[in-house]
Amino acid sequence: MTHEKLTVYPISDFDGLRRAGRLAAETLDYITPFVQPGISTADLDERLENYMRSHGAIPATIGYHGYEKASCISPNHVVCHGIPSPTKILQDGDIINIDITVILDGWFGDTSRMYYVGKPSIKAKRLVETTYATMMAGIEACRPGATTGDIGHAMQQTAAAKNYSVVMDYCGHGIGRVFHGQPNILNYGIPGRGTLLVPGLVFTVEPMVNIGTHETLTLADGWTAITKDRSLSAQFEHMIGITETGYEIFTLSPKGYTYPPYQEDK
Ligand code: MF3
Ligand code: CO
Ligand code: CO
């Protein structure tokens, strides 16, 4: 077994991470008005790729373990890693996650948000809002001296309070000069267990929350993960760094978008 080391970045590296995170967030802001009934997920992906490249970045997902698209777009019961396709046309009432990762001057910036296509059901809206609260509960647990188990515990509790399940098959990850590194940030945990957080650690917090059970399946394309019971699933993702006093979110929306509905939807 190989044991991958934790990378602790000097705070001076946070500048590059801020710029990558900001561009990733800006890319998600940019796509917002295009998320409408009738558009294909491949059309959204093409726009996302053009935006990233025209701002000096490379989409990190292209060529990653054979993945060929600039984004993952995951509607409804798709948990994550939905592959953009010209035949996947968005319909009124869909909820979708768009997840993108840029490489800007060698720094990775990874973030995802939920979007409403037209008008969501009350049930879908409640899931999306709780999933955002789940991510934020995980982030708010972050400070030097806390552990990855504290993050996971906070997230699981938030989802469980609404009778939802956190996905156990996927997790957040260390990031920086690499796409996926240590530590893993599980969506569940035991307080005080796991990796000790110290200033300079950089990772994503990206809970997936299901209305039904936590179980997932991967489709024959080798990527698309869905809920086993076909229940709705939602996800948000921020990339953060641990500071001397707490945390810094690198992927905040320049437009102030948090969870939907966003300005353009109202
Ligand atoms: N952006 C995803 C994450 O949050 C990873 C996608 S890898 C891909 O870690 F190959 F599926 F695109
Ligand atoms: Co991501
Ligand atoms: Co990620």
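Just follow the structure's listing: the first ligand is 1, and inside any ligand the first atom is 1.
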Does [X] use its side chain to pair, donor to acceptor, with the backbone of [Y] at less than 3.5 Å?
X: Ser71; Y: Ile73; value: no
X: Ser74; Y: Asn97; value: no
X: Asp15; Y: Ser12; value: no

Residue of the set Asp110, Thr204, Thr251 for which side chain to side chain donor-acceptor pair (under 3.5 Å) holds with His238: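 Between His238 and the candidates, side chain to side chain donor-acceptor pair (under 3.5 Å) is satisfied uniquely by Thr251.
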Counting from 1, what ligand 1 atoms have a heavy atom of [X] closer than 4.0 Å?
X: Cys72; value: 6 (C), 8 (C), 11 (F), 12 (F)
X: Thr101; value: 1 (N)
X: Phe179; value: 1 (N), 5 (C)
X: Glu237; value: 4 (O)

OG1 on Thr101 to CE on Met52, rounded to 0.5 Å: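 Going from CE on Met52 over to OG1 on Thr101, the span is 8.0 Å.
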Nearest 0.5 Å, please: how far is CD1 in Ile31 from OH in Tyr51?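 Atom-to-atom, Tyr51:OH and Ile31:CD1 are 10.5 Å apart.
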I'd like to know if Tyr170 contacts ligand 1, where contact means a heavy-atom distance under 4.0 Å to any ligand atom.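 The answer is no, since Tyr170 has no heavy atom less than 4.0 Å from ligand 1.
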His173 touching ligand 1 at heavy-atom level, < 4.0 angstrom: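 Yes, that is the case, since the closest heavy atom of the residue is under 4.0 Å from the ligand.
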Give every donor-acceptor pair under 3.5 Å between a side-chain atom in residues 181-201 and any protein atom, sequence neighbours left out.
from	atom 1	to	atom 2	distance (Å)
Asn187	ND2	Val167	O	3.0
Asn187	ND2	Tyr170	O	3.1

Could you tell me the residue and atom name of the protein heavy atom closest to [atom], and the distance to it rounded to 0.1 Å?
atom: atom 3 (C) of ligand 1; value: Asp110 OD2, 3.4 Å
atom: atom 7 (S) of ligand 1; value: Tyr64 CD2, 3.7 Å
atom: atom 1 (N) of ligand 1; value: Asp99 OD1, 3.1 Å
atom: atom 12 (F) of ligand 1; value: Thr61 CG2, 3.0 Å

For a quick check under 3.5 Å, do Asn210 and Thr227 share a side-chain donor-acceptor pair by atom type?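 Asn210 vs Thr227: no donor-acceptor pair found between side chains.
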Which pairs with one or both residues in residues 83-107 pass ring-ring contact (aromatic ring centres under 6.0 Å, His included), sequence neighbours excluded?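 Applying ring-ring contact (aromatic ring centres under 6.0 Å, His included) to every pair that reaches into residues 83-107, excluding sequence neighbours, yields Tyr9-Trp107.
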Would you check whether His81 has a nitrogen or oxygen atom less than 3.5 angstrom from a nitrogen or oxygen atom of ligand 1?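 Between His81 and ligand 1 (N or O atoms, distance only) the closest approach is not under 3.5 Å.
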For ligand 1, is there an N or O atom under 3.5 Å from any N or O atom of Trp223?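 The answer is no, given that Trp223 and ligand 1 share no N or O pair closer than 3.5 Å.
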Out of Arg143, Arg18, Arg22, which residue meets the salt bridge (Lys or Arg N to Asp or Glu O under 4.0 Å) rule with Glu248?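 That would be Arg18; it is the only one of Arg143, Arg18, Arg22 passing the salt bridge (Lys or Arg N to Asp or Glu O under 4.0 Å) with Glu248.
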Hey, is there an N, O or S on His180 sitting under 2.8 Å from the Co ion (ligand 3)?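 Here the distance criterion (N, O or S atom, under 2.8 Å) is not met by His180, so no.
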Does the plane of the ring in Tyr30 sit parallel, tilted or perpendicular to the ring in Phe34? Use 30° and 60° as the thresholds.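 Tilted, since the angle between the ring planes falls between 30° and 60°.
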For ligand 1, does Glu206 get within less than 4.0 Å through its side chain, its backbone, both, or neither, judged by non-hydrogen atoms?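 For Glu206, only side-chain atoms sit under 4.0 Å from ligand 1.
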Can you list the protein N, O or S atoms less than 2.8 Å from the Co ion (ligand 2)?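 Under 2.8 Å from the Co ion (ligand 2) - ignoring waters, which are not counted - the protein N, O or S atoms are Asp99 OD1, Asp99 OD2, Asp110 OD1, Glu237 OE1.
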Using heavy-atom distances only, which candidate in Glu68, Met239, His180 approaches atom 9 (O) of ligand 1 most closely?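 Residue with the shortest heavy-atom distance to the ligand atom: His180.
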Let's go through His65 and Trp223 carefully: what are the C-alpha distance in whole Å and the side-chain angles of both, what is the deciding distance for side-chain contact (heavy atoms from CB on, under 4.5 Å) to 0.1 Å, and is it a yes or a no? CA-CA 10 Å; His65 294 278; Trp223 285 102; 4.1 Å; yes
Go through the structure and list residues passing ring pair (Phe, Tyr, Trp, His ring centres under 6.0 Å) with Tyr259, not counting sequence neighbours.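 So Tyr259 forms a ring pair (Phe, Tyr, Trp, His ring centres under 6.0 Å) with Tyr132.
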